There are 2 protein chains.
Amino acid sequence: MAEDVFKALVDPTRRRILDELVERDGQTLFEICGRLAMKHGLGLSRQAVSQHLAVLESADLVRTRRQGRYKYHDLNTEPLERIATRWLRPDAPEKSP
Amino acid sequence: MAEDVFKALVDPTRRRILDELVERDGQTLFEICGRLAMKHGLGLSRQAVSQHLAVLESADLVRTRRQGRYKYHDLNTEPLERIATRWLRPDAPEKSP
DNA sequence: ACGATAGGCAAGTGTTGACTTGCCTATCAT
DNA sequence: ATGATAGGCAAGTCAACACTTGCCTATCGT
């Protein structure tokens, strides 16, 4: 649902997580925790990040694959592409010539 | 700020308002109230809609022009175009050939 | 001038959501 | 087998937000 996508994107931490996944796909929960702490100074608990990832996953913005005790997280940009053009009029300015 | 744009877009009523403004630009507060009631069955108070418009305006998604006792509301898609491509990778599938 | 229309300001309420804490399960290494 | 690592579940707390209510200002028509 589009509703879930908007709800997922409203939180700054979740947007940061997407930023990290754009840089490198297939990170685990602990890797993402570490990156948020290092690069953004966010001292979040593991559960907080886990819940954020659950929200992103139920919005289908993040796909996961389990492998042993690891759970890898991959970005899925498809929902973004769908909502991006909702309010763009036909006569909107083009961005690539 | 991008933060304001995401906050503005998370509310379904505000997205409906944007939908209405895509259809017809330059509507007044009362016109928007009426349209939300007619087309979507939303029985919102005038103040509720007014506050939504204020949020959209501070996110620069809606521009306003005063004329006498009327205040016309116009859609501004520029902030949308900027956030749309934030997480789209270079190798993302193109939509126009 | 006076009523009616269009809109604004501010305080109060109820719900949603982000984060924490505590405990539990599963997989790997030695 | 046992400790360590990776992750999950559930209840509780606190703040942000949508909406209402009540009152106020400004512009238009007659």
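It should be emphasised that the depicted structure is a prediction, and the values quoted were computed from it without experimental measurement. Atom set for the values below is all heavy atoms of this structure, side chains included, hydrogens, waters and symmetry mates excluded. A note on names: the letters A, B, ... follow the listed sequences, proteins ahead of strands, and every chain is numbered from 1.
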Hey, which of these two, B/H73 or A/G68, hits DNA chain C nearer its 5' end, going by closest nucleotide?
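That would be B/H73.
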
How long is the line joining [atom1] of [X] and [atom2] of [N], in whole Å?
X     : N      : atom1 : atom2 : result
B/R69 : C/dG8  : CZ    : P     : 14 Å
A/Y70 : D/dT5  : OH    : P     : 10 Å
A/L53 : C/dG17 : CG    : C1'   : 16 Å
B/E31 : C/dA6  : CD    : P     : 9 Å
A/R65 : D/dA6  : CZ    : P     : 16 Å

Taking only the side-chain nitrogens and oxygens of A/S50, find out if one of them lies under 4.0 Å from OP1 or OP2 of D/dG8.
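For D/dG8, OP1 or OP2 has a side-chain N or O of A/S50 closer than 4.0 Å.
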
Is any side-chain N or O of B/K71 closer than 4.0 Å to OP1 or OP2 of D/dT27?
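Checking B/K71 against D/dT27: no side-chain N or O falls below 4.0 Å of OP1 or OP2.
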
Do B/E20 and B/H40 pass the side chain to side chain donor-acceptor pair (under 3.5 Å) test, and can you show the C-alpha distance, the side-chain angles, and the key distance before you say yes or no?
CA-CA 11 Å; B/E20 293 306 315; B/H40 304 283; 3.0 Å; yes

Can you confirm whether B/V49 sits close enough to B/I17 that some side-chain heavy atom of one is under 4.5 Å from a side-chain heavy atom of the other?
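Yes, side chains in contact.
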
Let me test you: for the helix from C/dA1-D/dT30 to C/dT30-D/dA1, what is the angle between the axes at its two ends (five pairs each), rounded to 10 degrees?
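Between the first-five-pair axis and the last-five-pair axis there is 30°.
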
Take nucleotides 10-23 of chain D nucleotide by nucleotide from the 5' end and write B, S or -, depending on whether a protein heavy atom sits under 4.0 Å from the base, only from the sugar-phosphate, or from neither.
-------SSBBBB-

If you compare all heavy atoms of B/T64 against all heavy atoms of B/E57, which two are closest, and at what distance to 0.1 Å?
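Where B/T64 meets B/E57 most closely, the heavy atoms are OG1-OE2, 2.9 Å.
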
Decide whether A/L61 and A/V10 are clustered together by the hydrophobic rule: side chain heavy atoms of Ile, Leu, Val, Met, Phe, Trp, Tyr closer than 4.5 Å, transitively.
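Not linked; separate clusters.
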
With a 4.0 Å cut-off, would you call A/R35 and A/E31 a salt bridge?
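Salt bridge: no.
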
Quick one, A/K7 with A/E3, criterion salt bridge (charged side-chain N to carboxylate O under 4.0 Å, His left out). Give me CA distance, side-chain angles, the key distance, then yes/no.
CA-CA 6 Å; A/K7 278 189 184 171; A/E3 174 74 19; 3.8 Å; yes

